Amino acid sequence: MRKFWILAAVAASGQDVVPVVENPVRVKFDTGYRFVPDIRGDANTYRSIVNLGQGPKLFASDVAVTGWKNRLFDRLDLSAEGWGGEPYTSLRVDFGRAGLYRVHGDYRNAAYFNFLPSFALDQRGFDIRRRMSNVEVQALPGRRFNPYVNYARDAGSGGGVTPFVANGNEYPVATTISDSTHHIRTGARLDLGKLHLTLEQGASVFRDGQRAAAAGRQTGNRATALLGRTLLLDALDQIYSVRGGNVFSQGILAAAPASWIQVNAQFIYARPKSNVSYTERARGLFYLGGTRFADGIESLLIAESKLPRTAGTGSIELRPHGKVRVTQSFMTDRFHTSSIQRLTVNYHREQTEVFVDPVPGVTLRGGHRLIWGDTKQHVALAGAGFRAGTRFGANADYERSPGERSYFRTSCTTTTKCGRACVDRSERLCPPRASTRCSTTGIQA
Amino acid sequence: MIALIAGLLLAAGLAVPQEFAGNEMCQACHEDIAKAFLKSSPHRVLEGNSCESCHGAGAKHAESADAKLIRNPRKLTPAQVDKGCLACHAKLPSQHGRVMTGHGRQQVGCTSCHSIHTEAPKPECGSCHLAQKTSFAKPHSHPLRQGAMNCQDCHSPHGTPLARSVSLAVGTEQGCLKCHGDKRGPFTYEHVPVRMEGCASCHEPHGSANPRMLTRPSVQQLCLECHSAVGTAAGGIPPAFHDLRSARYRSCTTCHVKIHGSHVSKALLR
């Protein structure tokens with residue numbers, strides 16, 4: 001009825017409809033002061049589990065600007081969370097000018113404090129900060145060609161406790177950690193309507209410095225004497241220095257030559273490498289094997305390793321009929337490590353599936369997957385999906401494969417997997433939710 | 001004959017030009033949607049007939065206010081919704097793994113996750129992935145609930161060539177290395193499952209009851225799944241002096257410090 005009166009009024013006035021005008025700037029802040037009056041018990045445990053401090057905080061903020069004209073930018077989204085010494089701090093900004101450029105950046109700072117003894121990794125402790133930032137500038141000179149450049153940095157620093165391992169004994173010692181990685185990549189996106197191409201070239205520089213040091217006598221974990229002598233650590237200076245880099249090239253192709261076909265392909269070539277120098281000077285009493293002991297250890301090691309890697313994917317999606325979809329995908333991943341030890345991997349996968357929607361809300365699928373390379377595997381695929389509206393859905397998957405030999409623990413070649421997922425997404429009525437999943441895996445020699 | 005051809009074309013919904021009403025006409029009735037659209041929608045840069053680029057030509061709907069005369073994606077099947085969205089978005093680089101894994105393969109429509117023109121929050125990933133959502137409440141988990149990261153930091157929901165739609169970091173590096181750069185390598189002595197199987201071979205990335213988000217409560221249980229003489233385990237067998245009755249040998253990583261890979265020690269000791 002309301003629509004009728006609006007339309008009637010518009011028709012009667014004979015005037016154009018007035019566009020909705022919104023306030024171009026919206027600002028939202030959530031600030032406060034946190035009091036931590038009296039923490040009883042162990043401060044290290046508090047920091048390991050909670051780690052929230054006292055003081056003024058900017059819990060969240062949000063600034064949005066839209067529709068500015070004749071300015072440096074016509075749109076800005078800025079959000080910040082957890083400022084003021086919080087363990088997790090973030091800042092995200094996205095601004096740009098239509099048809100000219102777009103800038104997206106984010107910064108994150110995460111504190112990792114762990115000083116809890118555990119059965120998993122005893123004698124380790126960390127007090128580390130990791131800082132991650134990412135900036136991408138995209139030029140928008142037209143719809144056809146969009147060059148971009150991206151810079152990212154990931155760095156961590158801090159201290160902690162780590163074991164120093166000698167022959168026959170281990171000693172918990174103080175350690176400092178400092179690593180950083182700089183990534184830069186640049187490329188261009190070319191949009192020709194039915195064909196879209198992205199070409200990208202990138203490089204990264206990696207540095208990792210670790211130092212373990214100790215001063216003062218320690219007897220370590222060994223509670224008994226070895227061949228009548230007590231193993232000791234009096235002093236330690238262990239320095240790990242890693243320098244590395246990576247150069248990679250990437251191409252992504254997407255094409256839709258007709259409304260019923262979609263083709264995608266991606267190719268990546270990367271060549272990471274690392275150079276290492278390691279020095280170790282330790283004084284004390286150390287066991288060398290047999291009946292030999294030493295009162296000092298000095299080591300100087302250098303190492304170099306490379307990991308050239310080629311990966312590619314391709315997929316075709318056909319929609320010959322409104323209720324039928326056929327997909328075929330291919331993936332290849334080949335790499336080897338080039339150092340003292342050599343690890344070579346050849347992995348190729350091809351998968352074909354047919355999806356049919358016999359009635360609205362029901363999808364049946366079946367297909368075949370072939371994996372070859374270092375191992376060969378045929379897998380039969382089947383599944384069904386059911387959806388009732390936008391709030392309820394159920395899926396069932398089944399895969400079956402005869403096996404040849406085991407690979408690794410998590411990728412056995414003899415598998416029988418079945419999965420069921422039933423999700424009720426109703427938020428208002430809060431009915432019972434259910435989610436079940438079963439998986440059985442077998443290994444055959 | 002002409003009437004017959006016209007009838008056939010009408011039945012097929014082809015060749016008969018549809019009239020557009022224009023955005024301003026849409027705003028007259030759908031004021032709330034238009035406001036939200038201008039505020040936050042990524043489509044807000046579109047002008048002219050942007051509403052009808054998804055909803056179809058709406059002149060007849062505007063004249064009669066009949067809901068049946070406009071395309072409502074809410075009433076379409078996921079495949080039909082996808083078809084509309086992908087007419088423009090299929091060419092984006094983020095969609096290149098869509099048919100391999102992810103929601104595209106499972107017939108989860110675009111509008112299940114994306115708000116096209118409203119600012120109202122859409123169901124979060126956890127509303128369907130309940131098991132993963134629950135995992136983040138475990139004692140050891142990634143800081144998702146603290147707002148330090150989100151699902152898209154590790155997953156590309158449109159799909160990737162990798163299982164579980166795990167995204168790549170830079171080049172061919174797996175997504176975990178975006179933050180855990182010190183585990184990057186390449187190492188002189190690789191711990192092979194780390195390179196081959198990825199971090200999830202030992203860790204539960206969403207959250208775990210075990211320290212360091214391990215898949216087992218103690219390290220020895222985890223390591224011995226491969227490093228034992230049982231069945232076809234792939235790892236080497238620990239030498240005899242590893243007396244597991246002694247507490248010293250029950251935490252393998254006390255000595256094998258560089259468990260993710262070492263540059264100087266074949267046994268991953270330093």
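From a predicted model like this one, the values you see are computed outputs, not experimental measurements. Order of the sequence lines sets the chain letters (A, B, ...), proteins ahead of strands, with each chain counted from 1.
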S.K.: Look only at the side chain of R184(B) and the backbone of G244(A), and say whether a donor-acceptor pair between them is shorter than 3.5 Å.
M.R.: no
S.K.: Would R195(B) and L307(A) satisfy side chain to side chain contact (heavy atoms under 4.5 Å, CB included), going step by step from the backbone distance to the final call?
M.R.: CA-CA 11 Å; R195(B) 185 66 66 192; L307(A) 181 70; 3.6 Å; yes
S.K.: Just wondering, are more than 12 heavy atoms of other shown residues or ligands nearer than 6.0 Å to CZ in R319(A)?
M.R.: yes
S.K.: Tell me the closest heavy-atom pair linking M100(B) and G314(A), and the distance in Å.
M.R.: CE-O, 3.6 Å
S.K.: Side chains of Q328(A) and V99(B), heavy atoms from C-beta outward: is any pair under 4.5 Å?
M.R.: no
S.K.: Measuring heavy-atom distances to chain B, does A166(A) have an atom under 4.5 Å in its side chain, in its backbone, in both, or in neither?
M.R.: backbone
S.K.: Taking everything shown except K258(B) itself, do over 12 heavy atoms lie less than 6.0 Å from its NZ?
M.R.: yes
S.K.: Answer yes or no: is there a side-chain heavy-atom contact under 4.5 Å between R98(B) and E317(A)?
M.R.: yes
S.K.: Which answer fits V247(A), side chain, backbone, both or neither, if we ask what part of it has an atom under 4.5 Å from a heavy atom of chain B?
M.R.: neither
S.K.: Hey, is CG on L192(A) packed in by over 12 heavy atoms from elsewhere, all under 6.0 Å?
M.R.: yes
S.K.: Please examine the side chains of V257(B) and E170(A), heavy atoms only from C-beta on, and report whether any two atoms are closer than 4.5 Å.
M.R.: no
S.K.: Given a strict heavy-atom distance threshold of 4.5 Å, which part of E86(A) is in contact with chain B: side chain, backbone, both, or neither?
M.R.: neither
S.K.: Working to the nearest 0.5 Å, report the span between CG of L343(A) and NE2 of H191(B).
M.R.: 11.5 Å
S.K.: Check step by step if side chain to side chain contact (heavy atoms under 4.5 Å, CB included) holds for E280(A) and V264(B).
M.R.: CA-CA 11 Å; E280(A) 177 186 307; V264(B) 298; over 6 Å; no
S.K.: Can you tell me which portion of N150(A) sits under 4.5 Å from chain B's heavy atoms? Options are side chain, backbone, both or neither.
M.R.: neither
S.K.: Does D153(B) come within less than 4.0 Å of R108(A), counting only side-chain N to carboxylate O?
M.R.: yes
S.K.: Which atoms of N114(A) come close to chain B, meaning under 4.5 Å heavy atom to heavy atom: side chain ones, backbone ones, both, or neither?
M.R.: side chain
S.K.: At a 4.5 Å cut-off on heavy atoms, which part of K323(A) comes close to chain B: side chain, backbone, both, or neither?
M.R.: neither
S.K.: Is it the side chain or the backbone of F330(A) that comes within 4.5 Å of chain B heavy atoms, both, or neither?
M.R.: backbone
S.K.: Is F187(B) close to chain A through its backbone or its side chain, or both, or neither, when contacts mean heavy atoms under 4.5 Å?
M.R.: backbone
S.K.: Minimum heavy-atom separation for Q95(B) and N264(A), please, with both atom names.
M.R.: O-ND2, 4.0 Å
S.K.: Measure distances from R365(A) to the heavy atoms of chain B and classify the residue's part below 4.5 Å as side chain, backbone, both or neither.
M.R.: side chain
S.K.: Tell me whether R270(B) contacts the main-chain N or O of V165(A) through its side chain, where contact means a donor paired with an acceptor under 3.5 Å.
M.R.: yes
S.K.: Once rounded to the nearest 0.5 Å, what's the spacing between atom CG of D182(B) and atom CG of D179(A)?
M.R.: 5.0 Å
S.K.: Drop me the distance from N150(B)'s CG to S90(A)'s OG, to the nearest 0.5 angstrom.
M.R.: 9.5 Å
S.K.: Under 4.5 Å from any heavy atom of chain B, what part of D191(A) do you find: side chain, backbone, both or neither?
M.R.: side chain
S.K.: Begin from the C-alpha positions of S262(B) and Y240(A) and carry the test side chain to side chain contact (heavy atoms under 4.5 Å, CB included) through to its verdict.
M.R.: CA-CA 11 Å; S262(B) 172; Y240(A) 225 127; 3.5 Å; yes
S.K.: Under the 3.5 angstrom rule, does the side chain of S274(A) hit a backbone N or O of P186(B) as a donor-acceptor pair?
M.R.: yes
S.K.: Give, as side chain, backbone, both or neither, the part of E200(A) having an atom under 4.5 angstrom from any heavy atom of chain B.
M.R.: neither
S.K.: Go through R222(A), Q250(A), K194(A), E81(A) and name the one with the most non-hydrogen pairs under 4.5 angstrom from chain B.
M.R.: R222(A)
S.K.: List in chain and number order the residues that pass side chain to side chain contact (heavy atoms under 4.5 Å, CB included) with S249(A), two or more places apart in sequence or in another chain; answer none if no residue qualifies.
M.R.: Q201(A)
S.K.: To the nearest 0.5 Å, what is the distance between CG (N221(A)) and SG (C255(B))?
M.R.: 7.5 Å
S.K.: Got a second to check how far F164(A)'s CZ is from L269(B)'s CG, nearest 0.5 Å?
M.R.: 10.5 Å
S.K.: Once rounded to the nearest 0.5 Å, what's the spacing between atom CE of M331(A) and atom OG1 of T160(B)?
M.R.: 8.0 Å
S.K.: Only pairs of heavy atoms separated by less than 4.5 Å count here; which of T89(A), T181(A), D208(A), N134(A) has the most with chain B?
M.R.: T181(A)
S.K.: Between K178(B) and chain A, with a heavy-atom cut-off of 4.5 Å, which part of the residue counts as in contact: side chain, backbone, both or neither?
M.R.: backbone
S.K.: Against chain B, label Q351(A) side chain, backbone, both or neither, depending on which of its atoms sit under 4.5 Å from a heavy atom there.
M.R.: side chain
S.K.: What part of E173(B) is in contact with chain A, defined as an atom under 4.5 angstrom from a non-hydrogen atom: side chain, backbone, both or neither?
M.R.: side chain
S.K.: As an exercise: rank P143(B), C179(B), G181(B), G198(B) by heavy-atom pairs under 4.5 Å with chain A and give me the winner.
M.R.: C179(B)
S.K.: With a 4.5 Å cut-off on heavy-atom pairs, point out which of T327(A), T162(A), I268(A) contacts chain B the most.
M.R.: I268(A)
